[in-house]
**Q** 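The structure's right below; bear with me while I get my questions together.
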Number of protein chains: 2
Amino acid sequence: MAKMGTAGSRKARHQDPEHCPVEAALNKIGGKWKGLIILRLLVRTRRFNELLRSLPGCTQRMLTNQLRELEADGIVHREVYPEVPPRVEYSLTETGRELMPVIRAMCEWGQKHVQHVEPDFETVLENAA
Amino acid sequence: MAKMGTAGSRKARHQDPEHCPVEAALNKIGGKWKGLIILRLLVRTRRFNELLRSLPGCTQRMLTNQLRELEADGIVHREVYPEVPPRVEYSLTETGRELMPVIRAMCEWGQKHVQHVEPDFETVLENAA
DNA sequence: CCGAATCCGGGACGATACTG
DNA sequence: CAGTATCGTCCCGGATTCGG
């Protein structure tokens, strides 16, 4: 495989009313980095650069884009502190936190079917702390 | 939306050994159409064109690529019947079928947080039949 | 520190035609 | 029916620079 494009949320074929909830969910969390971003934020609130450092291979621009889409979709909350130096913290909304079962299911599948992987979801969360 | 790139599986940053099971899972099922393909195949085995018609907006080339990646990742089984006219049937492997909890979790989240959506997972499966 | 804006190359993707 | 081949476009996404 080459790259993958963005698989992002996008408006993704919004011409069709999106009857399917699976499709609707995929349109919101299917972005290239969104799953991992959500995983990081499930553990705790994080600052921009902290998030960036925890995503090897993700560029600043990509992270910004993905966070903006997640924010627009009501999954991530962005809190700006008017300080010097500036500080911005990202956290999950209630809607975002309810994605935990999805992430957990992916984790359990990956743990079972992929080699060289962390033991379980809790450990993953701990290691992400 | 625009397009979205592919968000596909790709080798996606295979330089790092992929310690995280969530990341590993995303690398395999994160492709642009993979979630919907898996949903279709959860219902029953399907032929190529049948699958294609059930995915509005997906081109034959894209479908071929995604199916090949899914096959290479051991999620989809491809059965060729030496007939005239040719017939090829796609189904989920056991590994693929075990993705049902992931799809179900996405479905339940979508049903709860997105408008104008089917009532529940079973109905979605039925409608996809 | 946290971005936004710009430039630009490469590859993902659509369209079309062809084959067994 | 189920693909493969080829071509051209578009836009994703990396690098860099600038601003608050």
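Since we're looking at a predicted model, the values are computed, not measured. Letters A, B, ... are given to chains in the order of the sequence lines, protein chains preceding strands, and every chain is numbered from 1. Just so you know, these numbers use all the heavy atoms, side chains as well, and skip hydrogens, waters and symmetry mates.
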**Q** Write down the distance between NZ (A:Lys32) and C1' (D:dC11), rounded to a whole number of angstrom.
**A** 13 Å
**Q** Do B:Trp109 side-chain atoms and A:Val22 backbone N/O form a donor-acceptor pair below 3.5 Å?
**A** no
**Q** Taking for each residue the nucleotide of DNA chain C bearing the nearest heavy atom, is the 5' side occupied by A:Val80 or by A:Arg61?
**A** A:Val80
**Q** Counting only side-chain heavy atoms from C-beta out, which of D:dG3, D:dC1, C:dC2 sits nearest to A:Asn49?
**A** C:dC2
**Q** By side-chain contact (heavy atoms from CB on, under 4.5 Å), which residues pair with A:Glu89, not counting sequence neighbours?
**A** A:Thr45, A:Arg47, A:Tyr81, A:Arg87
**Q** Over how many whole Å does the gap from A:Arg46 atom CZ to C:dC2 atom P extend?
**A** 13 Å
**Q** Considering only D:dG14, C:dG3, D:dA2, which nucleotide approaches the side chain of A:Met62 most closely?
**A** D:dG14
**Q** Donor-acceptor pair, distance only, cut-off 3.5 Å: does the side chain of A:Asp120 make one with the backbone of A:Thr123?
**A** yes
**Q** Just the atom pairs and distances: protein N or O near nucleotides 17-20 of chain D's N or O, under 3.5 Å.
**A**
none

**Q** Counting heavy atoms from C-beta on, name the nucleotide in C:dC2, C:dG14, D:dG3 closest to the side chain of A:Arg47.
**A** C:dC2
**Q** Can a side chain N or O of B:Arg68 be found less than 4.0 Å away from OP1 or OP2 on D:dT4?
**A** yes
**Q** It should be established whether B:Thr59 places a side-chain nitrogen or oxygen under 4.0 Å from OP1 or OP2 of nucleotide C:dG14.
**A** yes
**Q** Looking at side-chain heavy atoms only, is the closest gap between A:Arg46 and A:Leu41 below 4.5 Å?
**A** yes
**Q** Is it true that a side-chain atom of B:Glu71 and a backbone atom of B:His77 form a donor plus acceptor pair closer than 3.5 Å?
**A** no
**Q** How many Å lie between CZ on B:Arg78 and C1' on D:dC1, as a whole number?
**A** 12 Å
**Q** Would you say B:Tyr90 places a side-chain N or O within less than 4.0 Å of OP1 or OP2 belonging to D:dC1?
**A** no
**Q** Determine, for B:Arg44 against B:Glu50, whether the closest basic-nitrogen to carboxylate-oxygen distance falls under 4.0 angstrom.
**A** yes
